[in-house]
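Notes for the one structure printed next.
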Amino acid sequence: MTHIAMPAVDEAVIGRRDEIVAGLVAILGAEHVIATEDERRAYETDALTAYRAVPLAVVLPGSTEEVSKVLAFLNGTGAKVIARGAGTSLSGGALPSEDAVVLGLARLNRIVDIDYANRVARVQTGVTNVNITNAVAGQGFFYAPDPSSQLACTIGGNIAMNSGGAHCLKYGVT
Ligand SMILES: Cc1cc2nc3c(=O)[nH]c(=O)nc-3n(C[C@H](O)[C@H](O)[C@H](O)COP(=O)(O)OP(=O)(O)OC[C@H]3O[C@@H](n4cnc5c(N)ncnc54)[C@H](O)[C@@H]3O)c2cc1C
């Protein structure tokens with residue numbers, strides 16, 4: 001197997017970890033900032049497990065406003081930011097680096113509204129693929145792009161990866 005080179009890490013950012021974590025806790029509260037090494041390790045890879053790096057921290061914002069505040073803060077720190085839905089990417093898309101903060105989007109899992117007449121659903125990024133189908137199945141609808149990971153994978157990850165599944169033979173990918 002040919003290995004890809006991981007990007008160089010910024011040691012100065014790693015050295016400011018405590019200060020960066022404190023800033024994130026001030027925005028989100030301690031329960032939505034993952035800072036211990038054991039807990040951060042759960043985010044060290046996606047489904048491409050040949051590559052791993054324990055991130056600087058993991059944040060779990062619960063609203064668009066919180067995402068915005070976190071990004072504005074991190075922009076001034078030099079830390080990289082890696083968005084993560086369910087972490088089922090098979091190509092390292094959600095793989096962090098040691099100087100990166102993982103932006104875990106699983107709490108943004110609300111279906112905002114469904115317009116059956118126009119076949120449009122407005123959903124937050126962390127809604128799982130299968131839960132979109134579950135939400136509309138009662139009306140005889142389904143969400144066509146159906147990766148085999150649909151129980152876990154999120155619509156944000158689906159869009160970023162242009163994911164597909166068996167239904168895509170007929171309906172096309174995301
Ligand atoms: C068992 C298994 C079966 C699979 N079957 C299929 C299949 O049949 N078809 C298929 O196409 N794929 C399949 N996959 C791959 C994977 O499930 C898809 O790529 C899926 O779309 C990833 O979604 P996720 O929520 O896990 O995204 P993640 O892995 O968390 O992230 C994927 C990428 O999306 C980015 N991202 C996520 N959310 C956002 C956001 N809100 N804004 C910006 N970027 C964002 C991440 O940074 C990352 O680059 C499979 C994977 C597994 C493990």
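Every number for a ligand or one of its atoms is a count from 1 in the order of the listing. Throughout, residue positions are numbered sequentially from 1 according to the sequence presented.
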Worksheet item: Can you tell me if N158 has a non-hydrogen atom under 4.0 Å from ligand 1?
Response: yes
Worksheet item: Above 12 or not: heavy atoms from other molecules or residues under 6.0 Å from CG of D38?
Response: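 No - once you tally the heavy atoms of other residues, nucleotides and ligands closer than 6.0 Å, there are 12 at most.
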Worksheet item: Quick one: does ligand 1 sit under 4.0 Å from the side chain of L105, the backbone, both or neither, non-hydrogen atoms only?
Response: side chain
Worksheet, complete the sentence: Logged contact type for R84 with ligand 1, heavy-atom cut-off 4.0 Å, is both
Worksheet item: Of L74, V21, I82, which meets side-chain contact (heavy atoms from CB on, under 4.5 Å) against V101?
Response: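 Among L74, V21, I82, the one meeting side-chain contact (heavy atoms from CB on, under 4.5 Å) with V101 is L74.
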Worksheet item: Is atom 1 (C) of ligand 1 less than 4.0 angstrom from some protein heavy atom?
Response: no
Worksheet item: Taking NZ, NE, NH1 and NH2 as the nitrogens, is one of them in E66 or K69 under 4.0 Å from a carboxylate oxygen of the other?
Response: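 Looking at K69 together with E66, the answer is no, because their closest N to O distance does not fall below 4.0 Å.
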In the protein, which heavy atom is nearest to [atom], and how far is it?
{"atom": "atom 46 (C) of ligand 1", "answer": "A83 O, 3.1 Å"}
{"atom": "atom 41 (N) of ligand 1", "answer": "T125 OG1, 2.8 Å"}
{"atom": "atom 8 (O) of ligand 1", "answer": "S148 N, 3.0 Å"}
{"atom": "atom 16 (C) of ligand 1", "answer": "T88 OG1, 3.2 Å"}
{"atom": "atom 31 (O) of ligand 1", "answer": "A94 CB, 4.0 Å"}

Quick one: which ligand 1 atoms are inside 4.0 Å of a heavy atom on [X]?
{"X": "G157", "answer": "21 (O), 23 (O), 24 (P), 25 (O), 27 (O), 34 (O), 37 (C), 38 (N)"}
{"X": "G164", "answer": "7 (C), 8 (O), 9 (N), 10 (C), 11 (O)"}
{"X": "S163", "answer": "11 (O), 18 (C), 19 (O), 20 (C), 21 (O)"}

Backbone or side-chain N or O of [X] under 3.5 Å from ligand 1 N or O:
{"X": "G85", "answer": "yes"}
{"X": "G93", "answer": "yes"}
{"X": "T154", "answer": "yes"}

Practice prompt. Report the member of N129, N162, L90, V67 with the shortest heavy-atom distance to atom 14 (N) of ligand 1.
Written response: L90
Worksheet entry | Output field: ring centroids H167/Y143 closer than 6.0 Å |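 Ring-ring flag for H167/Y143: false, centres at least 6.0 Å apart.
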Fill in: Residue pair E65 / S68, side-chain donor-acceptor N/O under 3.5 Å
no
Item to complete: Answer with yes or no whether the hydrophobic clustering places Y116 together with V127; edges join I, L, V, M, F, W, Y residues whose side-chain heavy atoms lie under 4.5 Å apart.
Response: yes
Discussion item. Show me the pairs that pass ring-ring contact (aromatic ring centres under 6.0 Å, His included) and involve residues 70-102, at least two apart or across chains.
Written reply: none
